[in-house]
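Keep in mind that what you see is a predicted model, and the values were worked out from it rather than measured. The figures that follow rest on heavy atoms only: side chains count, while hydrogens, waters and symmetry mates do not.
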Amino acid sequence: MAVPSTAEALALVRASFPVVAGLPGALAARLAAECRVMAVPAGTHLFDERSPCGAFPLVIEGRVKVAKLSASGREIVLYRVGAGQSCLLTSSCLLARRDYSATGIAETPVTLVALPRELFDALMQGSPAFRDWVHALFAERIGELMMLVEEVAFRRLDQRLAAHLLAHGPQLAARHQDIASELGSVREIVSRLLNDFEDRGLVSLGRGRVEVVDRAGLEALATGR
């Protein structure tokens, strides 16, 4: 995939990240001189668990999945980073000088601008607006992660599966393993629940797809009615 020039990438970053467009002159000059433009195909591992963290990404286009993997290969999706967003985990690792504790994978072709650690530190120290933006990123993502913890810990899997199908229907193009990863479960359990949903007339299953047949029935299940 084509990699935009630094000038083109910076123009896109300034349009997508107002906090960068408002940087004072010296920091703006450092950004132009030190940033790295990256374009990667879908499926690329941008970082892995226990790998060092050396740069802060500003995603221009595409979508990155941040997930936690178990030793057995089980996966739970923590959050996604889209265009105009950045990664909570990366900022945390940079500030704490720690390695990554999860994996980041490009779900689609991704174009981003990477700010090296030294530049990130300079922006945190020299730009109150940038620092406030990073803190706001923490608050937003922590809220999302708390909702995920609540879902996994306190809501039955069949209810969560029903809610997931409703949110992504009426027809979801996904493998059972993909759905299991989204829900923090395993393929066998999700497949068993989907087969049960089909037997009850709630969904219709096909190769790589799930079609919602009885929306009202799924809503009743999702809400525990």
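- More than 12 heavy atoms of other shown residues, nucleotides or ligands fall within 6.0 angstrom of atom CZ in Arg97.
- No donor-acceptor contact under 3.5 angstrom links the side chains of His135 and Asp132, judged on distance only.
- Residue Val20 is tested with Leu10, Leu115, Leu31 for a side-chain contact (heavy atoms from CB on, under 4.5 Å); the sole match is Leu31.
- Ring planes of Phe120 and Phe130: perpendicular class, angle over 60° (limits at 30 and 60°).
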Side chains of residues 138-149: which donor-acceptor partners sit under 3.5 Å, not counting sequence neighbours?
| from | atom 1 | to | atom 2 | distance (Å) |
| --- | --- | --- | --- | --- |
| Arg141 | NH1 | Arg80 | O | 3.2 |
| Arg141 | NH1 | Glu144 | OE1 | 2.9 |
| Arg141 | NH2 | Arg80 | O | 2.8 |
| Arg141 | NH2 | Gln85 | OE1 | 3.4 |

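- Note: Leu58 CG to Arg14 CZ = 11.5 Å, rounded to the nearest 0.5 Å.
- The backbone N or O of Gly217 lies less than 3.5 Å from a partner atom in the side chain of Asp214, making a donor-acceptor pair.
- Contact record, Ala102 with Leu89: CB-CD2, 3.6 Å, taken as the closest heavy-atom pair.
- Formation of a donor-acceptor pair under 3.5 Å by the Gln125 side chain with backbone atoms of Ala122 is not found in this model.
- Here the side chain of Arg209 pairs no donor or acceptor atom with the backbone of Gln171 at under 3.5 angstrom.
- In the hydrophobic cluster analysis, where Ile, Leu, Val, Met, Phe, Trp and Tyr join through side-chain heavy atoms closer than 4.5 angstrom, Leu161 is grouped apart from Val77.
- Considering OG1 of Thr108 and CD of Glu61, their distance stands at 8.0 Å, rounded to 0.5 Å.
- The residues Lys65 and Glu75 are annotated as salt-bridged, a charged nitrogen and a carboxylate oxygen being separated by less than 4.0 angstrom.
- Residues Ala106 and Val110 come closest through the heavy atom pair CB-CG2, 3.7 Å.
- A distance-only check finds a donor-acceptor pair linking the side chain of Lys68 to the backbone of Ser101 [under 3.5 Å].
- A donor-acceptor contact shorter than 3.5 Å is absent between the side chain of Ser51 and the backbone of Phe47.
- His168 is linked by a ring pair (Phe, Tyr, Trp, His ring centres under 6.0 Å) to His164, counting only residues two or more places apart in sequence or in another chain.
- The distance from atom CG of Asp158 to atom CZ of Arg192, rounded to the nearest 0.5 Å, is 11.5 Å.
- Asp48 contributes atom CG, which lies 5.0 Å from atom OG1 of Thr103 (distance to the nearest 0.5 angstrom).
- Val40 and Val64 end up in the same hydrophobic cluster when Ile, Leu, Val, Met, Phe, Trp and Tyr side chains are linked at under 4.5 Å.
- Between Glu219 and Arg215 a salt bridge is recorded (basic side-chain N to carboxylate O distance below 4.0 Å).
- Minimum heavy-atom separation, Thr90 to Ala55: CG2-O, 3.1 Å.
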Show me the donor-acceptor pairs, under 3.5 Å and distance only, between side chains in residues 193-204 and residues at least two apart or in other chains.
| from | atom 1 | to | atom 2 | distance (Å) |
| --- | --- | --- | --- | --- |
| Asn195 | ND2 | Ser191 | O | 3.1 |
| Asp196 | OD2 | Arg200 | NH1 | 3.1 |
| Glu198 | OE2 | Leu205 | N | 3.0 |

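- Other residues, nucleotides and ligands contribute over 12 non-hydrogen atoms within 6.0 Å of the CZ atom of Arg131.
- Residues Cys87 and Tyr79 meet the side-chain proximity criterion, which asks for heavy atoms closer than 4.5 Å.
- The shortest distance between side-chain heavy atoms of Glu118 and Arg30 falls below 4.5 Å.
- Ser86 places a side-chain N or O within 3.5 Å of a backbone atom of Pro57 that can act as its donor or acceptor partner.
- A side-chain donor-acceptor contact under 3.5 Å links Ser16 to the backbone of Leu12.
- Cluster membership check: Leu27 shares its hydrophobic cluster with Phe56, using side-chain heavy-atom separations under 4.5 Å among Ile, Leu, Val, Met, Phe, Trp and Tyr.
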